[in-house]
Protein chains: 2
Amino acid sequence: MSQAAELSCVCGKSGNCVIYNRSVCAAGSAEDLAQLDRISHQRTYARGSVIQAQGEPCDIVGNIVEGVVKLSSTSVNGDDHIVGLLFPSDFFGRLFAEESRFSYEAATDVTLCTMNKPAFERFLVEHPAIEHEMLKATLDELDAVREWAAITNGHTTMQRVATLLYVFSRRAVNQHAKGNAPASRIVHVPLSRRDIADYLGTTPETLSRNIQMLARSKVIRNINAKHFELLNPAELIRHSGETRADLDRIASV
Amino acid sequence: MSQAAELSCVCGKSGNCVIYNRSVCAAGSAEDLAQLDRISHQRTYARGSVIQAQGEPCDIVGNIVEGVVKLSSTSVNGDDHIVGLLFPSDFFGRLFAEESRFSYEAATDVTLCTMNKPAFERFLVEHPAIEHEMLKATLDELDAVREWAAITNGHTTMQRVATLLYVFSRRAVNQHAKGNAPASRIVHVPLSRRDIADYLGTTPETLSRNIQMLARSKVIRNINAKHFELLNPAELIRHSGETRADLDRIASV
DNA sequence: CGATAACTTGATGTGACTCAACTTAAGTGG
DNA sequence: CCACTTAAGTTGAGTCACATCAAGTTATCG
C-alpha cells in the first residue's frame, strides 16, 4: 500500500508502473500509453467495498495494482460463490457488455488503475495490437477458470485446500522474485476464512478443520490466521492430489 | 447429419451455411469469407473419437457444425471432468497456444468446420474486426464458464440435474425456433449418463437416482435414455434452485 | 479495555460416493 | 434375422465426508 500510493498510474508513460511489464499495456507504443494515461486514474477501495455490483451497469474497467479482488456471484438463497480471484496486473471489469454478471469486491484493501469503460473500448478498437493481447489474456483466463473448475469439482476439500496453499506459495514467488525460485517457506493468504471457503466451495468450519489437520500433521505451521509456514511442501503436494507440474502451471497463470 | 453433409463449409461464400449467422464469420465481408473458405474444410468425427488430445500440440481450430463436443480434463487418478460442452456454431480449439490444456472429444457424431490454426491466426491478425468478434465471444464464454462453475459448486446434485434439463430444453428451442418460443415439451439430451455425470460433477448412479426421482414425482417422463418429456416445467425450475430468468440467461449463451 | 467479528472445535444428520447385482439396450457375427 | 455378447443404465446396501447447528476461543477495532 504505502509503496503503491506514490506510483503513477499503471500505464503512465513515465514507466514507473509496478505492474507495467505484466499487464496488457506492455504491447502498446509510447504514444498509446500516453493516451491510456489520459483516460486512466488510480483509485483505492477499502477491504469489503463493492467495486462493481452484480447485475449493475458497469462503467469502469482497469487493472489491479495492489491487493486482491474477488469476483463473486450471489445466488437467490443468499450464499456467495467466488468464481475468480484477481491479483496485481490482472484486468478487471466486463468489456463489451452492458452489465456484469458478477460482482467485483475488494477482498483486501486494493489499489486499482481504473479507466472509463467506453473510452477504453474505443481505444481497443483503434489499437488492434492491444486488443490482440486482450484476446490472448482472456483465452488464458478461460483456461485457468476451467482448470480451477475441474479442481473444485472432482476433489475433496483437503485436496482443494492443499492446492490453494501451494498455489499461493508459488504465486507469491512468481510475483516478487524472478525466474524459477523455490517456493517461499512463508505463505501469505490475504483472504478471510469465509472468502477462502467461498472460493473452494466449502464452509469456514470444514476449511478450518482441514487447515488444523495439516498443522497437526506438521505439513504447515499456523503463524496467524493469514500466514502459514510450509514445513513439508512434498506432503502438501501429495495432499493436493495433483502433480507438481500441474500445480506450478496453475500458479503461473 | 444427412442434412449437414450436403452443405458447403461454414464460412462458404455461397452463404448456405447452417451456422453462419451465429458464428464469428458473420462479422466478415464477402472477401474475408472467401479467404476463410480457402483455409477451411468440413470433417466428421464418430462419437467417442478424440479431436484434440489433452497436452498435445494443436494444429486445428474451427466451428461445430453439428453434434456436441466435450471439453474435458483427465486427472492423474484417471477420472474425467467435463469443463465445457460445445454446440453448433461454437468455436473449438485453443488459439495462440502451443498445446491445449484440455481434450476435445466428440460426445456425439459431429461435423466440424476445421481450419489450420496458424492460418486462422494469421487471418485474425489481418482482420481486426473478426478478432474483435472473437474477443467478445471469448468474454461471453468466460462468463458462461464462471456461471456454470458457481452452479456446480454450490448446489445439490438434484439442482444441477434440474438446471441441465431445463437449459437443454431451452437451448434446443433457441437453436431451432426463433424468438421467445415456449420450451419444447420434449427434451433431447444427446449425451451418455457418464458424460452428463462428468459434466455435473457427480456419478452415473447418483444422476440416475435423481432422474428417476423426477420421473416418479411426475416432473418429467422418461421416453428413453436420451429423451424426456417435460410434464411440469414449473416444478423443474423449482428443483433447480434458480430463477427462471437466470436459467434462460444460461441457456441463451 | 470492552465489544464485536473472525476463527476454531464439537456433536450430529444426511447427501452422495462406492461396491455390487441386476435389467435393458445396442451391437455383432453366424 | 435372431441368438449371443458387451455396453449402458438402474437399483440396492453400506459408509463416509461434509454441511449444519451450536458453543467456545482468539483476534480486531473503537
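Taking 4.0 angstrom as the limit, A/T156 places none of its side-chain polar atoms (N or O) nearer than this to OP1 or OP2 of D/dA17. Distances shorter than 4.0 Å separate none of the side-chain N or O atoms of B/S208 from OP1 or OP2 on D/dG9. For the OP1/OP2 pair of D/dA8 and a distance below 4.0 Å, the side-chain nitrogens and oxygens of B/S192 include no atom meeting the criterion. Residue A/R194 places no side-chain N or O under 4.0 Å from the OP1 or OP2 atom of C/dC7. Residue A/T202 places at least one side-chain N or O under 4.0 Å from the OP1 or OP2 atom of D/dA19.
Judged by distance alone, with hydrogens and angles left aside, A/R209 brings a side-chain donor or acceptor within reach of the base of C/dG10, the pair sitting under 3.5 Å.
When heavy atoms are screened at a 4.0 angstrom cut-off, A/G201 is found touching the sugar-phosphate backbone but no base atom. Among the atoms of the strands shown, base atoms are found under 4.0 Å from some heavy atom of B/E205.
Remark: B/F228 pairs with no residue by the ring-ring contact (aromatic ring centres under 6.0 Å, His included) rule, at least two apart or across chains.
Comparing the helix axis at one end of the helix from C/dC1-D/dG30 to C/dG30-D/dC1 with that at the other, each defined from 5 consecutive pairs, gives an inter-axis angle of 50° (nearest 10°).
In summary, the side chains of B/S240 and B/E242 do not present any donor paired with an acceptor at a separation below 3.5 Å, with no hydrogens or angles considered.
Counting non-hydrogen atoms of neighbouring residues, nucleotides and ligands closer than 6.0 angstrom, the CZ atom of B/R194 reaches no more than 12 such neighbours.
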